[in-house]
Protein chains: 2
Amino acid sequence: MSLDGQLPPKMRLLRAAAELLANSAGAPVSTRQITQLAGVSAPTLYHHFGDKEGLFDAVVAAGFEEYVAGERDFAPSGQPLEDIRRMWDNHVQFGLNQPELYLVMFGNIRPESRPAIVADAEALMEEMLNKAAAAGQLNVQPREAARSILAANVGVTLMLIAEPATERNLELSTMTRDAMIFAVSAEPASGPATGGTGKSSVVVAAIALNAALQASHSDQLSSSELKLFLEWLHRISTSPAG
Amino acid sequence: MSLDGQLPPKMRLLRAAAELLANSAGAPVSTRQITQLAGVSAPTLYHHFGDKEGLFDAVVAAGFEEYVAGERDFAPSGQPLEDIRRMWDNHVQFGLNQPELYLVMFGNIRPESRPAIVADAEALMEEMLNKAAAAGQLNVQPREAARSILAANVGVTLMLIAEPATERNLELSTMTRDAMIFAVSAEPASGPATGGTGKSSVVVAAIALNAALQASHSDQLSSSELKLFLEWLHRISTSPAG
DNA sequence: CTAGCACCTATAGCGTTGCTATATGAACTG
DNA sequence: CAGTTCATATAGCAACGCTATAGGTGCTAG
């Protein structure tokens with residue numbers, strides 16, 4: 001069994017590494033296994049990827065592109081919060097489908113290794129939350145909400161991966177998902193006073209305006225004016241009591 | 001520099017492994033490093049721990065005991081939800097203080113390796129949530145709430161570990177923490193009708209009664225009666241609309 | 001068509017890793 | 001004091017990540 005064919009050795013190495021990693025069940029994967037499965041000898045690996053970790057980084061990068069593609073692949077429903085639910089579910093499903101890859105991406109994260117992936121995933125989530133904020137459905141800053149939701153999403157996915165596949169209970173995911181979304185979302189039909197979350201509608205409106213401004217690139221204010229204006233808005237929308 | 005002294009070799013091995021692991025910054029730690037620092041030769045390690053992984057498991061177990069001790073170490077405040085906040089913060093602080101150990105415990109979790117730790121941590125959280133449920137402050141089953149909160153707690157801690165220490169923003173933790181607690185908690189002063197979460201007070205009362213029953217070991221019902229009664233209670237407290 | 005030149009790959013082997021077959025010393029038991 | 005058990009040490013194996021060196025391949029230049 002070898003991954004021969006017409007593919008260039010670099011690709012064969014990537015696929016061999018991905019396949020072995022996916023079926024390794026946590027056991028370490030040796031460069032010899034990889035090069036043998038790829039039908040290639042050792043120095044080729046080091047020529048193309050410099051390092052064993054370099055090869056694994058490439059595998060992770062490819063996996064992450066797949067993840068991002070999956071996150072973007074559904075049409076926006078017009079209901080941003082509903083889209084965020086789908087994003088969450090996509091994330092969990094990705095982790096359960098490729099647990100080993102997921103553990104490398106999000107489980108073994110260290111400050112010196114790859115926070116870039118986390119930043120990209122956060123940006124993806126924030127992008128969607130901006131729409132919710134612009135529609136006045138958000139209770140907090142989109143960036144903070146994105147970080148918070150993603151963190152919970154990662155935690156849930158890791159917990160589910162840790163469980164034996166037979167007794168995996170996806171209710172943990174939906175429950176945590178809805179809890180997070182509920183907590184960061186403004187009441188849709190709350191009166192002019194404080195809603196159930198304790199945030200005043202002033203705060204909600206400020207957040208919505210902030211998001212709308214950053215999305216529209218309005219040029220009615222000069223850049224210095226805009227900067228100050230946004231700073232005030234930020235102060236309002238993060239004030240503890242409104 | 002060696003960890004000599006009067007301690008038995010087994011302890012010296014444990015401490016050496018823990019110390020090297022803590023300062024390894026993710027780099028692999030070799031058995032030779034460990035045995036040298038412990039002032040012991042190779043077979044001693046295998047005699048006591050069987051395996052490199054066995055030694056690491058022992059380190060993790062010790063770390064987990066420290067974690068549990070930290071989680072139990074504060075006096076209950078009488079406000080269960082406030083205690084859960086402190087539990088959450090303790091968890092995050094433990095992870096930030098011993099990131100490498102934490103990553104081994106919660107970052108590299110696999111179904112075949114150590115879900116026992118997760119189960120214990122969940123039990124710890126559930127224990128506290130039972131008090132909240134008994135006080136009528138809970139919106140969902142204590143067990144589900146515990147799993148959900150712990151998952152978010154782990155996710156947040158991993159995210160914070162992944163950030164460079166200089167730009168760590170603990171607001172992510174407090175915000176996610178309060179979001180989770182808010183989402184699973186019943187409104188303290190809501191009327192007899194539905195609260196902000198859409199759960200009826202019947203559900204909250206059922207959950208509270210359930211928790212109180214399981215805590216008190218009341219023997220007013222026979223075991224078979226109790227079993228059926230709890231089943232009904234469970235059905236009520238998990239009904240979608242109440 | 002050939003010379004030169006990058007580029008890619010292979011042979012062979014270095015130092016280190018996790019681990020063990022075997023032997024030696026110390027401490028208790030009869 | 002003989003025998004047994006536990007704990008440690010010496011020496012070395014197979015497998016690991018990685019590389020110094022060299023050989024083949026496809027280009028463009030003359």
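Note on naming: letters A, B, ... go to the chains in the order of the sequence lines (proteins, then strands), and numbering restarts at 1 for each one.
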- Query: Please give, in whole Å, the distance from C/dC19 P to B/Leu55 CG?
  - Reply: 10 Å
- Query: Expressed in angstrom and rounded to an integer, what is the separation of B/Lys52 atom NZ from C/dT20 atom P?
  - Reply: 14 Å
- Task: For A/Glu66, enumerate each residue passing the side-chain hydrogen bond (donor to acceptor under 3.5 Å, both in side chains) test, keeping only those at least two apart in sequence or located in another chain.
- Result: A/Gln98
- Task: Return the residues of residues 24-31 of chain A meeting this criterion: a heavy atom under 4.0 Å from some atom of DNA chain D. Order them by number, or give none.
- Result: A/Val29, A/Ser30, A/Thr31
- Item | Length of the line joining B/Leu45:CG and D/dA7:C1', which is rounded to integer Å | 14 Å
Each nucleotide N or O in nucleotides 8-11 of chain C that has a protein N or O under 3.5 Å away: list the pair and distance.
| unit_1 | atom_1 | unit_2 | atom_2 | d |
| --- | --- | --- | --- | --- |
| C/dC8 | OP2 | A/His47 | NE2 | 3.4 |
| C/dT9 | OP2 | A/His48 | NE2 | 2.4 |
| C/dA10 | OP2 | A/Ser41 | N | 2.8 |
| C/dA10 | OP2 | A/Ser41 | OG | 2.8 |
| C/dA10 | OP2 | A/Thr44 | OG1 | 3.2 |
| C/dA10 | O5' | A/Ser41 | OG | 3.2 |

- Message: Can you measure A/Leu20 atom CG to D/dC16 atom P for me and round it to whole angstrom units?
- Response: 12 Å
- Query: Going by an N to O cut-off under 4.0 Å, is there a salt bridge joining A/Lys131 and A/Asp83?
  - Reply: no
- Nearest-Å distance, CD1 (A/Ile34) to P (D/dG17)? 8 Å
- Query: What is the distance from CG of B/Leu13 to C1' of C/dG18, rounded to the nearest Å?
  - Reply: 15 Å
- Residue pairs meeting side-chain hydrogen bond (donor to acceptor under 3.5 Å, both in side chains), one or both in residues 155-169 of chain B, sequence neighbours left out, come to A/Arg147-B/Glu163
- Task: For residues 15-49 of chain A, pull every pair meeting ring pair (Phe, Tyr, Trp, His ring centres under 6.0 Å), keeping only residues two or more places apart or in separate chains.
- Result: none
- Could you tell me the separation between the CZ atom of A/Arg32 and the P atom of D/dT19, rounded to a whole number of Å? 13 Å
- Message: Below 30° counts as parallel, above 60° as perpendicular, anything between as tilted: where do the rings of A/Phe182 and B/Phe182 land?
- Response: parallel
- Message: What I want to find out is whether B/Arg12 reaches B/Glu19 closely enough, with some N-O distance under 4.0 Å, to be called a salt bridge.
- Response: no
- Check whether any side-chain N or O of B/Lys52 sits under 3.5 Å from a backbone N or O of B/Val29 as a donor-acceptor pair, and report yes or no. yes
- Query: By salt bridge (charged side-chain N to carboxylate O under 4.0 Å, His left out), which residues pair with A/Glu71, not counting sequence neighbours?
  - Reply: none
- Between A/Arg110 and B/Glu100, is the closest basic N to carboxylate O distance under 4.0 Å? yes
- Task: Could you state the atom-to-atom distance from CZ of B/Phe49 to P of D/dC6 in whole Å?
- Result: 17 Å
- Message: Measuring to OP1 and OP2 of C/dT20, would you say a side-chain N or O of B/Tyr46 lies under 4.0 angstrom away?
- Response: no
